[in-house]
Structure formats: C-alpha cells, structure tokens
2 protein chains.
Amino acid sequence: MSSKRATLADVARLAGLSPTAASMILNGRPDTRLSQDAHDRVNAAAQALGYRPNVAARGLRTDKTLTIGFISDVVATTRFASGLIKGALEAAEAAGHVVLVLETGGDPAREAEAIAAVLDRQVDGIIFATMRARELFVPDIPAGTAVVMLNATNPKHSASVLPDEFAGGEAAVRLLLEGGHRDGIALLGQNDEVERDTFRSATVARRVAGIRKGMSDAGLAFVAEESIWLWEPDEGYKATRALFERRTDIRALLCMNDRLAFGAYQALTELGISVPDDVSIVSFDNDELAAYLRPGLTTIALPHEAMGRRAVELLLAGDASGETLVPMPTVKRASIASRAVNPARG
Amino acid sequence: MSSKRATLADVARLAGLSPTAASMILNGRPDTRLSQDAHDRVNAAAQALGYRPNVAARGLRTDKTLTIGFISDVVATTRFASGLIKGALEAAEAAGHVVLVLETGGDPAREAEAIAAVLDRQVDGIIFATMRARELFVPDIPAGTAVVMLNATNPKHSASVLPDEFAGGEAAVRLLLEGGHRDGIALLGQNDEVERDTFRSATVARRVAGIRKGMSDAGLAFVAEESIWLWEPDEGYKATRALFERRTDIRALLCMNDRLAFGAYQALTELGISVPDDVSIVSFDNDELAAYLRPGLTTIALPHEAMGRRAVELLLAGDASGETLVPMPTVKRASIASRAVNPARG
DNA sequence: AAGTCATGCTAAACCCATTTAGCACGCACC
DNA sequence: GGTGCGTGCTAAATGGGTTTAGCATGACTT
C-alpha cells in the first residue's frame with residue numbers, strides 16, 4: 001500500500017514527541033514517567049501509521065532478533081520427519097519467533113557454512129536436527145548462543161530432545177499382551193548392528209532394550225527373530241515370507257518400523273494369512289503408511305511434532321540441559337487381535 | 001571461541017585504516033583508489049579476526065538481507081509436498097541466501113501475521129506456497145517486494161510456478177498406449193467438481209484436460225469413469241471393488257493420484273486380480289507409496305523439488321511474471337503391462 | 001529566597017555496517 | 001608561485017531502533 005514503511009521517527013513526529021518517548025511507550029517500559037496523554041498519542045500514531053518496528057534495527061541494539069536457526073541434515077525435506085519442523089514452527093510462532101531453516105545434507109563443510117549463515121543473522125538460538133537420531137558432529141559455536149539438539153545428541157551441547165524409545169518399546173509389547181498374545185510372537189527387523197550402533201541411531205538401541213524388557217517382565221520370549229539391515233518394505237516382505245515358510249506357529253509380529261510392517265502385510269496377503277485374525281502386527285513410527293494399510297496398522301508413534309515444539313520451548317527458555325524424553329503415543333488401529341484372555345489372578 | 005564477534009571497526013583498527021577503507025576493500029568496490037598495501041592489510045586483518053559482516057546491520061543500509069521468506073499454508077510440514085521446501089532451500093543456498101519458513105494453516109489472520117513477520121525482517125522476497133495448487137488469497141504487500149506464487153496462482157502477483165499438468169495428463173495416457181492398451185481403460189477419481197473447481201486445485205482440471213486430450217487424440221474413450229471426491233486409499237479401494245464387481249472388461253486403470261492407486265492395489269489383490277498381468281495401473285504424484293507398492297507403481301511425478309528451485313530462481317532474478325510450468329517426469333516402474341501391439345500403419 | 005524533589009520529557013550515544021562528500025598531499029605545468 | 005589534477009585515504013551521515021544521562025518545570029520545604 002503505502003510506498004514506505006513508517007519508522008519510529010514518523011510515529012514520534014506524528015505524536016509530537018521524541019523517538020525516545022515513542023520507543024519507551026511502545027515497548028511498555030515500566031519505570032518511565034511519561035503521561036497518559038503521551039501514551040495515548042503515541043499509540044494512536046503507531047496505529048494510524050501501521051507502524052511495525054524493524055526487527056533488524058532493533059536486533060542491532062538489543063541482540064535479540066526473535067529468530068531462531070533450525071539446521072538439519074535432511075530433516076526438513078524428508079517426508080519422514082517433517083513433523084519436527086512443523087512442531088518447531090508452531091512453537092516458534094506461539095512465542096513470536098520466526099525460524100530460519102537450513103539443510104546441510106550431513107556434510108561438515110555445509111554444516112559450518114550453515115552455522116556461519118545463521119550467526120551472521122544474529123539468531124537467538126540454534127536447533128540442530130537429524131533425521132535418524134545419532135551423535136551429531138557440531139562445529140564450534142560461540143559461547144552464549146543457545147543450542148538444542150533435536151533427535152540427536154552431542155557431547156558439547158548437552159541439551160537434547162529425544163523420543164522415549166525405551167518406554168515405546170515396552171508399550172509395543174504391552175499392546176500385544178493386552179491383545180492376549182503370549183506365544184508365537186516374532187520380532188522383525190532387529191539387528192545386532194543396530195542394537196549396538198550409536199552412529200546410525202542412538203535411540204533405536206533403546207527401542208530394542210525396551211522391547212526386551214517388556215518381554216522379560218512378562219516372562220515371555222520371542223519364538224523367532226528375523227534380522228534385517230535395511231528397514232524398507234521390500235526387506236520386510238522377503239523376511240516375512242521366509243519366516244512364514246519356515247514356521248507355522250507365528251501369531252504376532254513385532255516390527256521395528258512401519259515400512260517393514262508394510263512389507264509384512266504384502267507378504268501375508270499373498271500368503272492368504274489374515275491380519276489380525278491369523279496374526280497380529282504392531283510396529284513403530286506411525287508413518288503415513290500406517291493409516292493407509294488395511295486393516296489400519298497399530299503403531300507406536302514417533303512424536304515428531306511434540307519433539308519439535310519441545311526443542312524450541314527449551315531453546316527459548318534458555319536453561320536447557322540434559323536429555324528430555326518425549327513420550328511416544330501408541331496409536332491403536334486394527335492390526336492387533338483382541339482375543340479373550342484369562343488374566344492371571346493375584 | 002572468541003567471546004565477541006569481530007566488527008568492521010576491529011578489522012579497520014587492526015589494519016591501521018578507517019572503516020570506510022575496510023568496507024570498500026572487503027566488498028571489492030571497483031573504482032576505489034586504495035593501495036595494494038591497504039588491500040593486503042585489510043584482508044589479512046579480516047582473516048585474522050575471522051571477520052564476518054553482520055547481515056542485519058548491512059541490511060539496514062543496503063536493504064538487502066540475503067534472506068527470503070517462504071510462507072505456506074501447510075506445505076513445509078506435510079510430507080506430501082516437502083520437496084517444495086527442499087528445492088527452495090537448495091536454490092537459496094546456491095545463491096547465498098537463507099530462508100525463513102512460516103506456516104499459516106491457510107488461516108487469513110495467520111497469513112497476514114506471517115507476511116508482517118517476514119517484512120519486519122526485511123526479506124528480499126517472498127514465496128507463497130500451497131499444498132494443493134489453488135487460487136491463494138494474499139493480503140496486501142508493499143510494492144517493491146518480489147513475490148512468487150509456488151503451486152498457486154494469484155491475480156495480484158502474476159509470477160507463479162506450477163507443474164505442467166496438462167502435459168502430465170497426456171503423458172499418462174501415452175504410457176498406457178505404449179503398453180498396448182486401447183480397450184478397457186477406466187478412469188478412477190476424476191470428478192466433475194474437481195474438473196471445474198479452481199479453489200481446490202487450479203491444476204487438477206488441467207490434468208484431466210490433458211488426459212482427455214490424450215485419449216481423444218488416440219481416438220480412444222474410457223469404458224468407465226469412477227468419480228471420487230476424496231482421493232484417499234480407502235476411497236480408491238471401495239471404488240475399485242465396485243468397478244470390478246460391475247464389469248469384467250477393465251484392463252487398465254488411470255488413477256488420479258497414487259493414494260487412490262494404492263487403494264486400487266488393495267482391492268485388486270483381494271479380488272485375485274494381478275497387476276500388471278490382468279490390469280495395468282498408471283497414476284500421478286509419485287508419492288512415497290509408489291515405490292513401496294508391489295509391483296512398483298508407474299506414475300507421473302509431481303516435480304516438487306524442481307518447482308521449489310525454480311521459484312527461488314525466479315524470485316532472485318527479479319523479473320518474474322506469468323506462469324512457469326515445470327515438466328512432470330514420468331517414472332516407470334512395473335505396473336503397466338507391455339503387451340505386443342500391432343501399431344496402426346500409416 | 002534558596003534548596004530539594006518529583007515529574008515529564010529529550011539529546012545524544014550506540015549497535016554495525018555502507019556511502020557520500022571531501023581532505024591532504026605531491027606532482028606537473030605554465 | 002599559483003593552478004589543476006590524480007592519488008590515497010577518512011569524517012560524517014545514514015539506516016532504524018534502544019538506552020543512558022540529564023534538562024526543564026513546578027511544587028513543596030524550611
């Protein structure tokens with residue numbers, strides 16, 4: 001509309017006061033002794049001119065830009081974890097902040113460049129996010145800049161937000177138990193490498209640990225474990241076919257993720273085995289897929305949005321440190337049978 | 001590292017020159033008469049201090065912030081179109097820019113707020129993106145700020161980037177033709193509302209138009225059209241069941257999107273109909289799903305990344321106007337039979 | 001009448017860069 | 001010796017805000 005933006009000086013002029021007065025009034029400075037009349041005039045002038053402060057100019061003086069940097073390896077772009085961004089954007093908006101999103105593809109040179117770029121813009125804090133939780137290398141950052149790791153950990157920056165995978169693992173087992181399963185439970189996807197590896201994913205190991213804890217607490221054991229390296233539908237399909245051709249006593253499948261479960265569905269459908277009447281399936285992530293499957297896949301969700309939100313809350317609170325674990329919601333659909341059970345008494 | 005960032009004044013002091021000289025040298029001003037010695041000293045000082053200009057301060061003077069605003073209804077967060085962001089980030093990085101991502105959920109109030117927020121930060125330009133191409137309402141933006149519509153159109157801002165849906169529609173038909181299909185082709189999902197509607201999607205109507213053109217150019221007609229309002233797997237499943245229970249002559253399915261095709265796969269599997277031996281399927285979008293299906297779904301891809309890239313290129317070039325149509329790649333997988341054909345001669 | 005104090009406001013410095021205008025110097029030339 | 005000019009550099013204004021220090025004014029003391 002108007003060709004030029006109104007400045008504070010414009011407001012002051014219109015109100016017949018100094019920029020100093022206008023600034024104090026608009027910022028609601030507490031101990032000022034400006035008259036009610038001055039307040040009214042300045043507010044009216046600001047209103048009339050549609051005045052909005054120039055954030056860059058203000059940031060120059062105050063070192064606050066109401067802007068945060070979100071640097072990820074690949075998270076923003078990938079459909080898998082875009083919830084992290086969504087949550088971050090929401091929380092930022094709620095706090096009147098705005099977010100600068102950068103991607104590095106995991107390349108250290110681009111990472112350094114990205115950090116420099118956001119620092120050049122005086123961000124109030126930086127969130128580092130990774131798609132697969134892992135120990136993330138982070139170049140030096142000037143002390144005084146708040147940092148939160150999202151779905152990642154780092155020795156130099158202790159504040160990090162992670163999914164509560166251990167509890168999630170337990171929850172998955174519990175779901176099967178509640179469905180009446182005690183025998184014929186197989187684990188699909190777990191893999192010794194994964195169980196140790198902290199590079200690929202710091203948290204999946206906890207997932208497995210939670211699962212094992214859940215089973216042993218219930219006095220149960222898997223009747224089969226099908227190890228898979230790449231957790232994609234095709235591998236899930238093959239492993240499931242192999243498993244069911246080898247044995248006939250499988251009544252429940254605990255899959256390490258939804259894509260694997262998707263492959264399992266395909267295999268079972270071809271084999272004429274019905275979910276959940278013949279075998280129950282539970283899984284992890286709550287991928288887009290899970291809702292599309294027939295019957296709907298019951299899964300322990302990766303709480304991406306909540307994590308993203310939490311990360312900026314922590315960042316803006318300023319006193320973050322240590323791991324904050326975000327609960328993984330269980331989303332029940334129709335892939336687990338509910339058999340009549342005789343609950344053990346006493 | 002160092003507790004304070006080096007400023008231009010620091011560099012000048014260390015070089016024994018004025019900030020003016022330092023600024024000119026570091027910016028490579030052409031007509032300056034500063035000595036080689038001065039150049040060397042300033043460059044050395046900048047190097048030594050790890051000097052990086054403060055973008056906000058510079059922007060205050062030059063009105064260039066090397067920052068662009070990306071405002072979307074819901075595109076950043078949703079897995080469906082996160083490619084738009086990815087492409088935009090890539091192109092921005094290549095041009096030394098950085099992007100501020102905001103989401104509005106399509107709410108006009110939040111839209112206005114988002115625009116104000118990026119304007120407050122002096123962005124060099126704004127991209128408005130929508131998930132489903134449609135006519136987007138955009139509040140007033142001061143003249144002089146570059147604007148590009150991404151996957152959307154707007155009367156006030158003519159520059160827009162859209163997928164070339166018409167050509168895509170034709171391509172889908174061509175794929176079926178190349179597979180030897182002439183009879184028994186059904187259309188799944190098209191819907192009169194959609195075919196007219198410019199609010200829900202300006203481009204899907206073109207998709208349908210391209211399809212119809214492709215068919216009529218080949219002298220063909222659909223043997224059945226199954227209209228669907230909501231393009232989700234469940235609806236595709238139901239429509240496909242209904243279709244195949246009604247008739248037995250369907251040999252190819254042209255689906256309006258991959259999720260519908262997914263539902264079709266489920267129905268066909270249950271019906272014991274084989275893809276592609278009994279019926280071929282072709283579809284649109286190249287959703288994550290398409291690669292996971294068995295057999296892989298052949299589909300006309302929505303070129304999200306290319307579109308995102310194009311949008312920032314246009315924005316930064318500054319002289320954008322009119323529609324720029326981005327080609328939709330055909331991604332061939334295994335859902336179309338290749339039957340022997342007797343091509344019509346002459 | 002001089003001193004004290006509260007009240008209401010403003011001048012000017014500052015943040016960090018860019019940019020315009022122009023100074024000082026040396027040399028050549030008439 | 002004055003004028004003109006090229007060379008090499010800098011002072012100061014500028015952009016838009018925040019913040020510190022302090023100036024008037026009038027009322028109230030004593």
Side-chain angles (χ1 to χ4, degrees), chain A residues 2-42 45-46 49-67 119-124 142 144, chain B residues 3-42 45-46 49-67 116 119-124 142 144:
Chain A
S2 56
S3 52
K4 287 243 180 291
R5 253 176 104 90
T7 70
L8 184 64
D10 296 331
V11 173
R13 194 160 26 246
L14 181 58
L17 289 167
S18 70
T20 305
S23 173
M24 287 169 157
I25 288 171
L26 292 174
N27 289 313
R29 271 282 208 87
D31 294 332
T32 199
R33 296 179 305 245
L34 294 159
S35 66
Q36 185 57 49
D37 182 55
H39 277 81
D40 294 344
R41 267 155 47 215
V42 166
L49 297 175
Y51 172 72
R52 307 216 13 147
N54 178 321
V55 175
R58 168 186 286 172
L60 213 46
R61 193 79 237 266
T62 61
D63 261 334
K64 300 234 157 298
T65 52
L66 301 179
T67 304
L119 254 22
D120 289 349
R121 287 165 182 82
Q122 315 274 107
V123 293
D124 293 346
Chain B
S3 52
K4 286 242 182 290
R5 251 177 106 90
T7 70
L8 184 65
D10 296 331
V11 173
R13 194 162 23 248
L14 181 57
L17 289 167
S18 69
T20 306
S23 172
M24 286 170 158
I25 289 171
L26 293 175
N27 288 312
R29 271 284 207 86
D31 294 333
T32 198
R33 295 180 306 242
L34 295 158
S35 66
Q36 185 57 48
D37 182 54
H39 277 80
D40 294 345
R41 266 153 50 214
V42 166
L49 297 175
Y51 171 72
R52 303 212 23 140
N54 178 321
V55 174
R58 167 185 287 173
L60 212 47
R61 199 75 237 271
T62 61
D63 262 335
K64 299 233 156 297
T65 52
L66 300 179
T67 304
L119 255 20
D120 289 350
R121 288 165 180 80
Q122 314 272 106
V123 293
D124 294 345

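In what follows, chains are A, B, ... by sequence order, proteins preceding strands, each numbered from 1.
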Length of the [atom1]-[atom2] vector between [X] and [N], whole Å:
{"X": "A:Lys64", "N": "D:dT19", "atom1": "NZ", "atom2": "P", "answer": "11 Å"}
{"X": "B:Arg33", "N": "C:dG22", "atom1": "CZ", "atom2": "C1'", "answer": "10 Å"}
{"X": "B:His39", "N": "D:dT7", "atom1": "NE2", "atom2": "P", "answer": "15 Å"}
{"X": "B:Arg29", "N": "C:dT18", "atom1": "CZ", "atom2": "P", "answer": "10 Å"}
{"X": "B:Ile25", "N": "C:dT18", "atom1": "CD1", "atom2": "C1'", "answer": "14 Å"}
{"X": "B:Leu26", "N": "C:dC16", "atom1": "CG", "atom2": "P", "answer": "16 Å"}

Toward the 5' end of DNA chain D, by each residue's nearest nucleotide, A:Thr62 or B:Arg41: B:Arg41
Axial bend angle, the helix from C:dA1-D:dT30 to C:dC30-D:dG1: five-pair end segments, nearest 10°: 80°
As a test of understanding, state which of A:Asn54, A:Leu60, A:Thr62 forms a side chain to side chain contact (heavy atoms under 4.5 Å, CB included) with A:Arg58. A:Thr62
Residue among A:Ile25, A:Leu34, A:Leu17 satisfying side chain to side chain contact (heavy atoms under 4.5 Å, CB included) with A:Arg41: A:Leu17
Would you tell me whether B:Thr67 and A:Arg121 have side-chain atoms, one donor and one acceptor, within less than 3.5 Å of each other? yes
Would the distance check show the side chain of B:Arg5 and the main-chain N or O of B:Arg52 forming a donor-acceptor pair, the cut-off being under 3.5 Å? yes
Could you tell me whether a side-chain N or O of B:Asp40 sits under 3.5 Å from a main-chain N or O of B:Asp37, the two making a donor and an acceptor? no
Pairs under 3.5 angstrom, nitrogen or oxygen only, protein versus nucleotides 10-17 of chain D, please.
{"residue": "D:dT10", "atom": "OP2", "partner": "B:Ser18", "partner atom": "N", "Å": "2.9"}
{"residue": "D:dT10", "atom": "OP2", "partner": "B:Ser18", "partner atom": "OG", "Å": "2.9"}
{"residue": "D:dA11", "atom": "N6", "partner": "B:Thr20", "partner atom": "OG1", "Å": "2.8"}
{"residue": "D:dA12", "atom": "N6", "partner": "B:Thr20", "partner atom": "OG1", "Å": "3.3"}
{"residue": "D:dT14", "atom": "O2", "partner": "B:Arg61", "partner atom": "NE", "Å": "3.1"}
{"residue": "D:dT14", "atom": "O2", "partner": "B:Arg61", "partner atom": "NH1", "Å": "3.3"}
{"residue": "D:dG15", "atom": "N2", "partner": "B:Ala57", "partner atom": "O", "Å": "3.4"}
{"residue": "D:dG16", "atom": "N2", "partner": "A:Ala57", "partner atom": "O", "Å": "3.2"}
{"residue": "D:dG17", "atom": "OP1", "partner": "A:Tyr51", "partner atom": "OH", "Å": "3.2"}
{"residue": "D:dG17", "atom": "OP1", "partner": "A:Asn54", "partner atom": "N", "Å": "3.0"}
{"residue": "D:dG17", "atom": "OP2", "partner": "A:Leu8", "partner atom": "N", "Å": "2.4"}
{"residue": "D:dG17", "atom": "O5'", "partner": "A:Tyr51", "partner atom": "OH", "Å": "3.0"}

So which atom in B:Ala12 and which in B:Ala22 form the shortest heavy-atom distance, rounded to 0.1 Å? CB-CB, 4.1 Å
Looking at every non-hydrogen atom in both residues, tell me the closest pair between A:Gly59 and A:Thr65 and how far apart they are. CA-CG2, 4.4 Å
Is A:Leu26 close to A:Leu8 at the side-chain level, that is, under 4.5 Å between some pair of heavy atoms? yes
